[in-house]
Amino acid sequence: MNICASQNEAVREERVRVAQARRFVISDHPLPWLLPLVAILLVFTVYPLIYNIWLSFHEFVPRRRALEFVGTENWVQLWNDTRFWQSLVITFTYFAIALVFELVLGMAIALLLDSDGFGFGFLRGVLTMTLVIPPAIVGMMYLLMEDPQFGVISYLLQSIGLLNSNNPILATASTALAGVLVAEIWQWTPFMVLIFLAGLRALPPEPYEAAMIDGASPFQIFRRITLPMMSKVIAIAVLVRGIDLFRVFDYVFVMTSGGPGASTYSLSLYAWQQTFSFVKWGYGATLSLVTLVIILVIANLFIRIAKVKW
């Protein structure tokens, strides 16, 4: 009897062990789903970050074809680099102007398209077309449209007297940044529109019905009802686009390459140039780390001020 009981107990334990082993590889267990994500984060995020920090204390020596330890030399050079500070100012200017335009235009277009009328669904679908075009292609499109010889934008501005044929848009220091911003705003305003439309469609109708019964004007409804209820959606949209805007590279590289002079030199473009054109790997890593720190500080301050909850 005791032998049979012990055998039955062993069989039960074996079945439990097999069941637990099977559970490990099915969706009921979280580990099989987390392991690929952890591996991706380690390979594509943690390791590059650690390597970049290590690289910032070294510099590539072409004549030796090797990295040489330079200590804090790259960081000291950073603070004394006038081109770095100039590119930082240009990046902040680009960031602020593009974000304001995309925010205002995105909200305005979203309010116009917030309807179930005939054709509005098609218009909302059309907005996604700009988002699937690579930014480099958009930059090339606007490079051609702003060409002083045959560009349609240059022709229209010259026709109404806002542009002189002797001062091309992308070859004049005072207008080059605006020429790049046009491409950025054209492509990414629909992104803001779609986010705001999703937020507007999710708002409850009761406050609007009560406001209309009380005789509130459309502007009062927007300011006192729509904006407060959309505040979190707006904050998320600003955070996502703000991070992306601070890393601007494609449009500047394709349209102006930082020129004329240094009037459109963004921080990302400057880091790329130092790394790949001048083969200063350590200094390029330092510039990229400073960009990362600035983005993290601004993003976390904004999250705290706007009280964004993930």
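Positions are given from 1, in the same order as the sequence printed here. Basis for what follows: all heavy atoms, side chains included, without hydrogens, waters or symmetry-related copies.
Atom CG of residue Asp250 and atom CE of residue Met255 lie 12.0 Å apart, to the nearest 0.5 angstrom. Atom-to-atom distance recorded for Ile53:CD1 and Leu292:CG is 8.5 Å, nearest 0.5 angstrom. Note: Ile169 CD1 to Asn164 CG = 12.0 Å, rounded to the nearest 0.5 Å. If you take CG on Asp147 and OH on Tyr142, they are separated by 15.0 Å, rounding to the nearest 0.5 Å. Separating the CD1 atom in Ile298 from the CD1 atom in Ile243 is a distance of 10.0 Å, to the nearest 0.5 Å. To the nearest 0.5 angstrom, Met192 atom CE is 11.0 Å from Ile185 atom CD1.
Tyr208 OH: more than 12 foreign heavy atoms inside a 6.0 Å radius. Within 6.0 Å of CZ on Arg83 lie more than 12 heavy atoms contributed by other residues, nucleotides or ligands. Remark: Phe69 CZ is packed, more than 12 non-hydrogen atoms of other residues, nucleotides or ligands lying under 6.0 Å away. In this structure, Tyr155 places its OH atom where only 12 or fewer heavy-atom neighbours from other residues, nucleotides or ligands lie under 6.0 Å away. The local environment of CH2 in Trp281 is sparse, with at most 12 non-hydrogen atoms from other residues, nucleotides or ligands closer than 6.0 Å.
Without hydrogens or angle criteria, Ser154 side chain to Glu146 main chain gives a donor-acceptor distance under 3.5 Å. At least one donor-acceptor pair under 3.5 Å links the side chain of Ser217 to the backbone N or O of Gln220. The backbone N or O of Gln273 sits nowhere less than 3.5 Å from a side-chain atom of Lys280 that would complete a donor-acceptor pair.
The two atoms that bring Phe196 and Met230 nearest to each other are O-CE, 3.5 Å, heavy atoms only. Across every non-hydrogen atom of Leu267 and Ser87, the tightest pair is CD1-OG, 3.4 Å. When every heavy atom of Gln274 is checked against every heavy atom of Leu287, the shortest pair comes out as CG-CD1, 3.7 Å. Annotation for Ser56 and Thr286: closest pair CB-OG1, 3.4 Å, computed over non-hydrogen atoms. In plain terms, the two heavy atoms of Glu68 and Val61 that are nearest each other are CB-CG2, 3.7 Å. What you find for Ala173 and Pro260 is that their closest heavy atoms are N-CG, 3.5 Å.
Both Leu156 and Ile160 are members of a single hydrophobic cluster when ILVMFWY side chains are connected at heavy-atom separations under 4.5 Å. Two different hydrophobic clusters hold Leu78 and Phe60 under the rule that ILVMFWY side chains link at heavy-atom gaps under 4.5 Å. Phe276 and Leu67 are members of different hydrophobic clusters when ILVMFWY side chains are connected at heavy-atom separations under 4.5 Å. No continuous path of ILVMFWY side-chain contacts below 4.5 Å connects Phe278 to Phe84, so the two sit in separate hydrophobic clusters. Residues Phe253 and Val279 do not share a hydrophobic cluster, defined by chaining ILVMFWY side chains whose heavy atoms lie under 4.5 Å apart.
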Q. Which is it for Thr189 and Leu127 under the side chain to side chain contact (heavy atoms under 4.5 Å, CB included) test, yes or no, and what are the steps along the way?
A. CA-CA 9 Å; Thr189 296; Leu127 287 174; over 6 Å; no

Self-check item: Check against side chain to side chain contact (heavy atoms under 4.5 Å, CB included), Trp186 and Thr130
Solution: CA-CA 8 Å; Trp186 176 83; Thr130 65; 3.7 Å; yes

Q.
If you apply the rule side chain to side chain contact (heavy atoms under 4.5 Å, CB included), what do you find for Ile234 with Leu227, and how did you get there?
A. CA-CA 9 Å; Ile234 294 173; Leu227 276 183; 3.9 Å; yes

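Cluster partners of Leu144, by chain and number: Phe150. The rule joins Ile, Leu, Val, Met, Phe, Trp and Tyr whenever side-chain heavy atoms lie under 4.5 Å apart.
Counting only residues at least two apart or on different chains, the side chain to side chain donor-acceptor pair (under 3.5 Å) pairs with a member in residues 288-301 are Asn52-Ser288.
Using a 30° and 60° split on the angle between ring planes, Phe246 and Phe92 fall in the perpendicular class, above 60°.
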Which pairs of donor and acceptor atoms, one on a side chain in residues 93-112, lie under 3.5 Å apart (sequence neighbours left out)?
| residue | atom | partner | partner atom | Å |
| --- | --- | --- | --- | --- |
| Thr93 | OG1 | Val89 | O | 2.8 |
| Tyr94 | OH | Glu184 | OE1 | 2.8 |
| Glu102 | OE1 | Arg241 | NE | 3.0 |

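Checking each of Asp81, Thr91, Ile90 against Tyr270 for a side chain to side chain contact (heavy atoms under 4.5 Å, CB included) leaves exactly one that passes, namely Asp81.
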